[in-house]
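Have a look at the structure below before the remarks.
We name chains A, B, ... by the order of the sequence lines, and we start the count at 1 in each one. No experiment lies behind these values; they were computed from the predicted model shown.
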2 protein chains.
Amino acid sequence: MSSSDRFIEIMGLMFQDGGDPRIAGRIFGLLIIEGRELSLQQISERLGVSRASVSTNARQLAKRGAIRLTAHAGDRQDFYELNNFPSVDVLGEMAERMTRQAQAVREFIEPIRQENEPAAERVEDLSRAFGHAAEVLGDWATKLRNDQTNQRGHE
Amino acid sequence: MSSSDRFIEIMGLMFQDGGDPRIAGRIFGLLIIEGRELSLQQISERLGVSRASVSTNARQLAKRGAIRLTAHAGDRQDFYELNNFPSVDVLGEMAERMTRQAQAVREFIEPIRQENEPAAERVEDLSRAFGHAAEVLGDWATKLRNDQTNQRGHE
DNA sequence: TAGTTCGTTCAGTAGGTACTGAACGAACTG
DNA sequence: CAGTTCGTTCAGTACCTACTGAACGAACTA
């Protein structure tokens, strides 16, 4: 088993550790190793998993911004490849999630204030923490994008 | 069902959504609402779950820094309460995890370079991304801690 | 000593996902 | 038209983990 294969498995375990499907991590790892677009079929064969799983998980990864779907005229196949700056897109997704959570928590502040004033203060703190997290993540993503754009521009 | 109870359930679902046990989120939510220390037994009764589950999940939350274990002379019970700055500790934990991941990935760079030079570059990028993430999270935690310490100090 | 009250551990279970295989629609070819 | 090759969907399964209940050790009391 090559180091590349082991790396792919490690990525699977990292994803699993974070509560995501192992296959998603393997797809991500494979696309890092290959560095080029692969068809859904190729991914399926290379990883030894069903096309159904690849379809589901690759779309999930694309939604998160880690990889992207590509297409070619005259070819019905879906290709997937590593996004240019996967970390940027993943951070953006995390920021959105934090925003949603901040909003969800915020809706409880006033109702809880009717029942328990000090508790409402703590809930408000939590909502602010989520909001702040969203902000920091968003800024970070922006900074990363600029850094990487400049770096590439100098090549 | 009160707004506080609904809030506790929402926290459970948020944790579940993030890949953590629902009970952990409920404990966290309960301690936010109560704003004081509760014994393991009290948490168990209030949430309607076994002491075993509370034991396991509360220790997990304490390990992550979201809550903390407290004790009193002459009382064998374990009490848990919200940490002063839960977000700070949670960020610190995340930073540590990123550091571990950066390290785990870094170990693959050279072996992969032997097999596939360009792939090694991409793996190195990933390792740097994790390392950078750890750094940003650490800085953020430090900044938060200072902000909050100052804020409290002025009260 | 025996009995109580803690928290923890662990085997077992229930519930929920990850994954598969089969069926399907769409887009194409001959 | 039938046949092929795509991707997706969905029912079924296999697995995994969250949770429980029981058993246990520790620390205490009587």
Legend entry - Side-chain N,O (B/Ser53) to OP1/OP2 (D/dC19) below 4.0 Å: no

Inset, instruction - Measure the distance from NE2 on A/His72 to P on C/dC28 and round it to the nearest whole Å. - result: 16 Å

Inset, instruction - Begin from the C-alpha positions of B/Lys143 and B/Asp139 and carry the test salt bridge (Lys or Arg N to Asp or Glu O under 4.0 Å) through to its verdict. - result: CA-CA 6 Å; B/Lys143 179 175 175 302; B/Asp139 290 350; over 6 Å; no

Legend entry - Sidechain N-carboxylate O distance under 4.0 Å for B/Lys63, B/Asp89: no

For nucleotides 5-9 of chain C, give me every protein contact, N/O to N/O, under 3.5 Å, one pair per line with atom names.
residue, atom, partner, partner atom, Å
C/dT5, O2, B/Arg76, NH1, 2.5
C/dT5, O2, B/Arg76, NH2, 3.1
C/dG7, OP1, B/Asp78, N, 2.9
C/dG7, O3', B/Asp78, OD2, 3.4
C/dG7, N7, B/Arg51, NH1, 3.0
C/dT8, OP1, B/Arg59, NE, 3.3
C/dT8, OP2, B/Ser55, OG, 2.4
C/dT8, O5', B/Ser55, OG, 3.4
C/dT9, OP2, B/Arg59, NH1, 3.3
C/dT9, OP2, B/Arg59, NH2, 3.3

Legend entry - Note: A/Glu124-A/Arg106 ion pair, threshold 4.0 Å (strictly below): no

Legend entry - Spacing of B/Gln60 atom CD relative to D/dT17 atom P, expressed in whole Å: 13 Å

Legend entry - Complement of D/dC16, any strand, by Watson-Crick or G-U distances under 3.5 angstrom: C/dG15

Inset, instruction - For A/Ile23 and D/dC16, give me the distance from atom CD1 to atom C1', rounded to whole Å. - result: 15 Å

Legend entry - A/Glu9 and A/Arg22 ion-paired at < 4.0 Å: no

Legend entry - Test salt bridge (Lys or Arg N to Asp or Glu O under 4.0 Å) applied to A/Asp78 and A/Arg51, step by step: CA-CA 11 Å; A/Asp78 283 1; A/Arg51 284 182 302 151; over 6 Å; no

Legend entry - Interatomic distance, A/Leu47 CG vs C/dA18 P [rounded to whole Å]: 17 Å

Inset, instruction - Begin from the C-alpha positions of A/Asp125 and A/Arg128 and carry the test salt bridge (Lys or Arg N to Asp or Glu O under 4.0 Å) through to its verdict. - result: CA-CA 5 Å; A/Asp125 280 350; A/Arg128 268 199 293 265; 2.9 Å; yes

Inset, instruction - Could you tell me which nucleotide pairs with C/dA2 by Watson-Crick or G-U wobble geometry, both distances under 3.5 Å, or answer none if nothing does? - result: D/dT29

Legend entry - Interatomic distance, A/Asp17 CG vs D/dC16 C1' [rounded to whole Å]: 14 Å

Inset, instruction - Could you state the atom-to-atom distance from CG of A/Asn57 to P of C/dT17 in whole Å? - result: 14 Å

Legend entry - Salt bridge B/Arg97-B/Glu93, side-chain N to carboxylate O under 4.0 Å: no

Legend entry - Euclidean distance, atom CD of residue B/Glu45 to atom P of D/dT20 [Å, nearest integer]: 14 Å

Inset, instruction - Quickly work out the B/Phe15 CZ to D/dA18 P distance and round it to whole Å. - result: 13 Å

